[in-house]
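One structure is given here, and the rest of the page talks about it.
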Amino acid sequence: MSSSVLVGYATQYGSTQEVAEAIGDTLREAGLNVDVRPVKEVGDLAEYSAVVLGAPLMKSRFHKDAQNFLKRQRQALSERPVSVFALGPVKEPHDEEEWESSRAQLDKQMKEFPWLTPSAVELFGGKFDPATLPFPLNKLAGKEPASDARDWEAIRSWASDLKTILAA
């Protein structure tokens with residue numbers, strides 16, 4: 001097993017990829033060798049000593065690519081440190097009820113993988129842009145305004161805290 005870290009992500013419209021790239025950059029700045037890749041393209045994990053998995057919560061669940069990755073990589077993930085982040089709340093300004101609901105969804109989703117004991121689990125705000133939605137979803141979004149609840153400082157701080165866990 002090498003000393004590379006995989007920051008794998010599932011994404012629907014690119015927001016989670018942007019967060020994964022920021023996490024990867026922060027870990028590289030800390031001196032770690034990092035690959036940032038979509039989990040649907042990840043085969044063997046032998047070259048990675050640790051994994052950071054990111055996914056949006058969609059319909060109260062991880063994106064299907066993240067669920068498939070967890071199922072497909074169960075054995076390999078149980079043999080190395082894993083950290084998980086999810087993107088959930090999108091409303092601006094901060095809506096505490098939405099955050100509590102998203103946190104409950106994340107906790108419930110983690111329970112579906114009882115064999116997984118992540119070193120760290122974090123919930124970040126997400127991004128909503130009705131212009132990126134395909135028809136008819138863009139019409140169903142109505143007059144909901146675009147929003148971006150991602151806190152880049154919190155994301156980079158969490159990634160910086162991970163360096164100790166992932167470098168071990």
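The analysis underlying the following values was restricted to heavy atoms, covering all of them including side chains, and did not include hydrogens, waters or symmetry mates.
Two residues are said to be in side-chain contact when any heavy atoms from C-beta on lie closer than 4.5 Å; Trp158 and Val19 fail this criterion. The side-chain heavy atoms of Leu6 and Val52, taken from C-beta on, include no pair separated by under 4.5 Å. Counting heavy atoms from C-beta outward, Thr11 and His63 have side chains that stay 4.5 Å or more apart. Residues Val121 and Arg103 form a side-chain contact, since some pair of their non-hydrogen atoms from C-beta on lies under 4.5 Å apart.
For the atom pair CZ (Arg156) and OG (Ser160), the distance works out to 11.5 Å, reported to the nearest 0.5 Å. In this structure, the separation between CD on Glu79 and CZ on Arg74 is 12.0 Å, given to the nearest 0.5 Å. Put simply, CD on Glu47 and CG on Asn33 are 9.0 Å apart, with the number rounded to the nearest 0.5 Å. To the nearest 0.5 angstrom, Arg28 atom CZ is 10.0 Å from Leu32 atom CG. To the nearest 0.5 Å, the span separating OG on Ser83 from CG on Asp161 amounts to 10.5 Å. Interatomic distance, CG of Asp65 versus CD of Glu41, reported as 9.5 Å (0.5 Å rounding).
The two atoms that bring Gly88 and Leu123 nearest to each other are N-CD1, 3.9 Å, heavy atoms only. Considering all non-hydrogen atoms of both residues, Trp99 and Pro89 come closest at CD2-CG, 3.3 Å. Taking all atoms of both residues into account, the shortest heavy-atom contact from Leu77 to Phe69 is CD1-CE2, 4.0 Å. Nearest approach of Ala66 to Leu53, heavy atoms of both residues: CB-CD1, 4.4 Å. Counting all heavy atoms, side chain and backbone alike, Pro56 lies closest to Thr16 at CD-OG1, 3.4 Å. The two residues Ala86 and Leu57 make their nearest non-hydrogen contact at CB-CG, 4.1 Å.
Of the possible donor and acceptor atoms, one in the side chain of Arg80 sits under 3.5 Å from a partner among the backbone N and O of Tyr48. In this structure a side-chain-to-backbone donor-acceptor pair under 3.5 Å is missing from Ser157 to Glu153. A donor-acceptor distance shorter than 3.5 angstrom exists from the side chain of Ser49 to the backbone of Ser4, with no hydrogens or angles considered.
Met58 and Leu70 are not part of a single hydrophobic cluster, where members link through side-chain heavy atoms under 4.5 Å apart.
Looking at Glu98 and Ser102, their side chains never bring a donor and an acceptor atom within 3.5 Å of each other. Inspection of the Gln109 and Gln105 side chains reveals no N or O donor paired with an N or O acceptor under 3.5 Å.
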side-chain contact (heavy atoms from CB on, under 4.5 Å) assessment of Arg61 paired with Glu112: CA-CA 10 Å; Arg61 303 179 63 79; Glu112 290 193 23; 3.0 Å; yes
side-chain contact (heavy atoms from CB on, under 4.5 Å) between Lys71 and Phe113, intermediate numbers included: CA-CA 9 Å; Lys71 291 172 187 169; Phe113 302 94; 4.2 Å; yes
Pair Tyr9-Glu18, side-chain contact (heavy atoms from CB on, under 4.5 Å): steps then yes or no: CA-CA 10 Å; Tyr9 63 88; Glu18 292 170 353; over 6 Å; no
side-chain contact (heavy atoms from CB on, under 4.5 Å) assessment of Ser15 paired with Leu87: CA-CA 8 Å; Ser15 178; Leu87 271 57; 3.4 Å; yes
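Under the 4.0 Å criterion applied to side-chain N and carboxylate O atoms, Arg37 and Asp35 are not assigned as salt-bridge partners.
Using a 30° and 60° split on the angle between ring planes, Phe124 and Phe85 fall in the tilted class, from 30° to 60°.
Atom CD of Glu96 has more than 12 heavy atoms from other residues, nucleotides or ligands within 6.0 Å.
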